[in-house]
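What follows is a set of notes on a single structure, which appears directly below.
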Amino acid sequence: MLKVKICGINDKHIFEFLIQEQKIHYLGMIFAESKRKVTMELLSEFAQSLPIDKENSNINTKFVAVFMNQSLDEVEFALNAFPFDMIQLHGEETVGYCKKIKKMYPNIQTIKTLSIPHNIIDESLIIQDLQRKISYYRNCVDMFLLDTKIGNLVGGTGEVFPWDVVKPLIDNTYRDYPIGIAGGLHPDNVRNLMETIAPDFIDVNSGLEVDGIKNKDKILQLMNVLEGVNRVK
Ligand SMILES: O=C(O)c1ccccc1NCC(=O)[C@H](O)[C@H](O)COP(=O)(O)O
């Protein structure tokens with residue numbers, strides 16, 4: 001089954017709508033510097049709209065705290081403020097840093113983002129680099145997210161990278177960790193992505209926004225596409 005993460009949730013109505021619908025698997029709240037950065041006030045409002053005992057409720061949504069090259073204190077502060085299930089490390093966090101996170105939070109799943117240049121010059125170099133990084137990080141994170149990088153810009157670029165380049169990684173039959181795809185996804189290109197490569201999950205962000213704000217109609221469109229994709233899978 002294809003799973004979906006919607007990232008950059010910073011609107012209470014959208015949060016409550018997604019919790020009520022229960023069709024999106026992961027909701028990402030961004031703590032990195034971003035126009036989508038969540039405030040502590042909003043986070044506390046999100047927490048108040050959840051049942052006290054989430055584990056014994058019908059809520060299966062996993063909450064993801066998204067960081068980029070941030071201190072362990074910042075991570076701790078965020079995790080104390082909201083019942084996050086997962087941490088996404090979106091920057092150049094080292095293997096040592098990821099090991100510390102795993103040791104501090106053994107029950108929290110971690111996603112390591114690996115960036116892929118928007119314009120690829122040498123495909124085999126990119127694949128070698130990704131394979132090397134995956135083998136380094138494999139023992140200290142739970143899943144990988146491949147996302148577009150444009151120059152120094154990573155995160156919320158709204159641009160796709162050439163998906164077929166990473167097909168060998170997705171198709172690797174020995175793979176025992178989930179791989180997700182991010183970067184420029186929107187309801188109209190998810191089917192195309194699934195026909196090109198079939199990742200375990202997708203991450204959609206700016207492609208669900210109108211004037212920089214998450215849009216309910218676009219989210220409903222994405223939910224429809226997801227239903228169709230999972231029906232034939
Ligand atoms: O989206 C941001 O503003 C952002 C800023 C800093 C670090 C990470 C950020 N986003 C992380 C994500 O997981 C995004 O969903 C991912 O980059 C895809 O974004 P988009 O290309 O807009 O779909």
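Below, each value reflects all heavy atoms present in this structure, side chains not excepted, and no hydrogens, waters or symmetry copies. Bear in mind that the values here come from a model prediction, so they are computed numbers and not experimental data. The first residue of the sequence shown is numbered 1, and numbering continues consecutively from there. Just follow the structure's listing: the first ligand is 1, and inside any ligand the first atom is 1.
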Atom [atom1] in [X], atom [atom2] in [Y]: separation rounded to 0.5 Å?
X	Y	atom1	atom2	answer
Asp203	Lys5	CG	NZ	3.5 Å
Leu145	Lys112	CG	NZ	9.5 Å
Lys133	Leu146	NZ	CG	10.5 Å

_With heavy-atom distances below 4.5 Å as the criterion, would you say the side chains of Met40 and Phe82 are in contact?_
no
Tell me, which protein residue and heavy-atom name are nearest [atom], and how many Å apart are they?
atom	result
atom 17 (O) of ligand 1	Asp147 OD2, 2.5 Å
atom 22 (O) of ligand 1	Ser206 OG, 2.5 Å
atom 15 (O) of ligand 1	Asp203 OD1, 2.5 Å
atom 9 (C) of ligand 1	Gly155 CA, 3.6 Å
atom 12 (C) of ligand 1	Cys7 SG, 3.5 Å
atom 1 (O) of ligand 1	Asn205 ND2, 2.7 Å
atom 8 (C) of ligand 1	His90 CD2, 3.6 Å

With distance as the sole criterion, is a donor-acceptor pair present between the side chains of [X] and [Y] under 3.5 Å?
X	Y	value
Asp147	His90	yes
Ser124	Asp122	yes
Asn189	Asn192	no

*Before signing off on this row, confirm whether Arg36 and ligand 1 have an N or O atom pair separated by under 3.5 Å.*
yes
*Do any nitrogen or oxygen atoms of Val204 come within less than 3.5 Å of a nitrogen or oxygen of ligand 1?*
no
Note: [X]-[Y] ion pair, threshold 4.0 Å (strictly below):
X	Y	value
Lys218	Glu209	no
Asp11	Lys216	no
Glu195	Arg191	no

Heavy-atom contact check, 4.0 Å cutoff: does [X] meet ligand 1?
X	result
His186	no
Gly184	yes
Gly183	yes

Looking at [X], which atoms of ligand 1 are within less than 4.0 Å of one of its heavy atoms?
X	value
Ser34	2 (C), 3 (O), 5 (C)
Ile30	1 (O), 2 (C), 3 (O), 4 (C), 9 (C), 10 (N)
Lys5	13 (O)
Gly158	20 (P), 21 (O), 22 (O)

*CA sep, side-chain torsions, deciding dist, call: Asp164, Lys167, salt bridge (Lys or Arg N to Asp or Glu O under 4.0 Å)*: CA-CA 5 Å; Asp164 49 349; Lys167 195 168 164 50; over 6 Å; no
*Heavy-atom distances under 4.0 Å are what count here, so tell me which part of Lys35 touches ligand 1: side chain, backbone, both or neither.*
neither
